[in-house]
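Here the structure comes first, spelled out in structure tokens, and everything after it is commentary.
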Amino acid sequence: MLKLLFISTPVGALGTGQGGGVELTIQNVAQELQQRGYKIEVVAPVGSVLQNIPVTEISGNLQIAVQTQGRDIPICLPSDSTLANMLDYARQVQDEYDLIVNFAFDWLPFYLTPFFYCPIAHFISMGSMTEALDQIMSQIATNYPHTIGVYTKSQADTFPFADTCTILSSAIDLSLYQFVSYPGKSLAWLGRIAPEKALEDAVAAVNITGTPLKIYGKIQDQDYWQKIQQDFPNSPIEYMGFLSTKELQQELGQSRALLMTPRWIEAFGNVAIEALACGVPVIAYSRGGPAEIVKDGVTGFLVEPDSIEGLVRAINQVDLIDRHKCRQQAEIEYSLTTLGDRFSAWFNQILATTS
Ligand code: HBI
């Protein structure tokens, strides 16, 4: 069976939430392929934790989150870069593996691809971010066809090399999520608390409806979080912290609906399928990944992007949604089995063209 080396996102240790949705993707892909007999090793920053997957921890200084920079930022690496150290480790052990799978959304792994003799598959977990990344990714897309994988078509469409991307969607371990048919009163918002996720829109909406809103996720931008609380002093919101999947799904299942208010083109929106798996309808801006997930009027509502009134209207109708349909959609479209089928087909295609 194939031996795979995964290179993690370098922005934070796996399990801290700093890496957002891609942390879940690495856990789920590694878990499913290991179950199918693949030998998997994950190279990740010190402090990384995965369930039952061997992790090689690499020290050094973490990479700055690319979405906090502008489109024209120069390529940057801190001194003693964790990313560079991970790639040097991969270089040293590459002959023990059939394929390297890169999950870092950074310039260096793309630039170094021709320097490796082991083939590299690049899974990219966001839409287009900077000119320098678009350039180097386009070069790899041209010189190494089919080696770039994405979550969704709308994510791929943000890149000049859209047509060469392999669309892999996403999935969750459904056995970790329990269906809840009778929820409590609260709505939920879930994700990294940072400007691109536009939490302020969800707060503005519940400020109008008066519906309690429970907020889960890592506070990535403290000033941004403080500003929201100052702008909406009396809104019915409660910050619940960053929970593990186990704790999160227990809370999430009690929600009347999940609000998703991405300001950017959300590449996928793993939180949407986590909610559906618990029977929780999703109210989302009709933009990016969530627009490809939510079946409008059936498993939630798609709202005109950035429209607070649209969110309010959807909140007032959400009890009409049949929560069984939400769980059903997760089971049909987002199981680990379908994820494993797509990733192994992608890897086989790459190895067939590089051998
Ligand atoms: N920024 N530089 C950098 N590298 C990443 O791998 C990265 C990031 N920002 C966000 C991020 N990864 C993940 O949270 C998303 O891809 C899901």
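Fair warning: this is a prediction, and the values are worked out from it, not measured in the lab. For ligands, and for the atoms within them, numbers begin at 1 and follow the listed sequence. FYI, the numbering just counts along the sequence from 1.
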Whether over 12 other heavy atoms sit under 6.0 Å from Ile64 CD1: no
Donor-acceptor list for residues 107-118 side chains, cut-off 3.5 Å, not counting sequence neighbours:
unit_1 : atom_1 : unit_2 : atom_2 : d
Thr113 : OG1    : Pro109 : O      : 2.9
Thr113 : OG1    : Phe110 : O      : 3.1
Thr113 : OG1    : His122 : NE2    : 2.9

Would you mind checking which non-hydrogen protein atom is closest to [atom], with the distance to 0.1 Å?
| atom | value |
| --- | --- |
| atom 12 (N) of ligand 1 | Thr9 OG1, 3.5 Å |
| atom 2 (N) of ligand 1 | Asp106 OD1, 2.7 Å |
| atom 3 (C) of ligand 1 | Val11 CG1, 3.4 Å |
| atom 11 (C) of ligand 1 | Met126 CE, 3.8 Å |
| atom 16 (O) of ligand 1 | Ser125 OG, 2.4 Å |
| atom 14 (O) of ligand 1 | Gly19 O, 2.7 Å |

Ligand-side contact atoms (ligand 1) for residue partner Ala65, heavy atom cut-off under 4.0 Å: 1 (N)
Proximal ligand 1 atoms for Val66, defined as those under 4.0 Å from one of its heavy atoms: 1 (N), 2 (N), 3 (C), 8 (C), 9 (N)
Proximity flag Ile64 to ligand 1, non-hydrogen atoms under 4.0 Å: yes
Parallel, tilted or perpendicular, as decided by the 30° and 60° cut-offs, for the rings of Phe123 and Phe103: tilted
Can [X] and [Y] be counted as an ion pair, charged N to O under 4.0 angstrom?
| X | Y | result |
| --- | --- | --- |
| Glu309 | Arg313 | no |
| Glu333 | Lys295 | yes |
| Asp221 | Arg192 | no |

Partner set under salt bridge (Lys or Arg N to Asp or Glu O under 4.0 Å) for Lys227, not counting sequence neighbours: Asp231
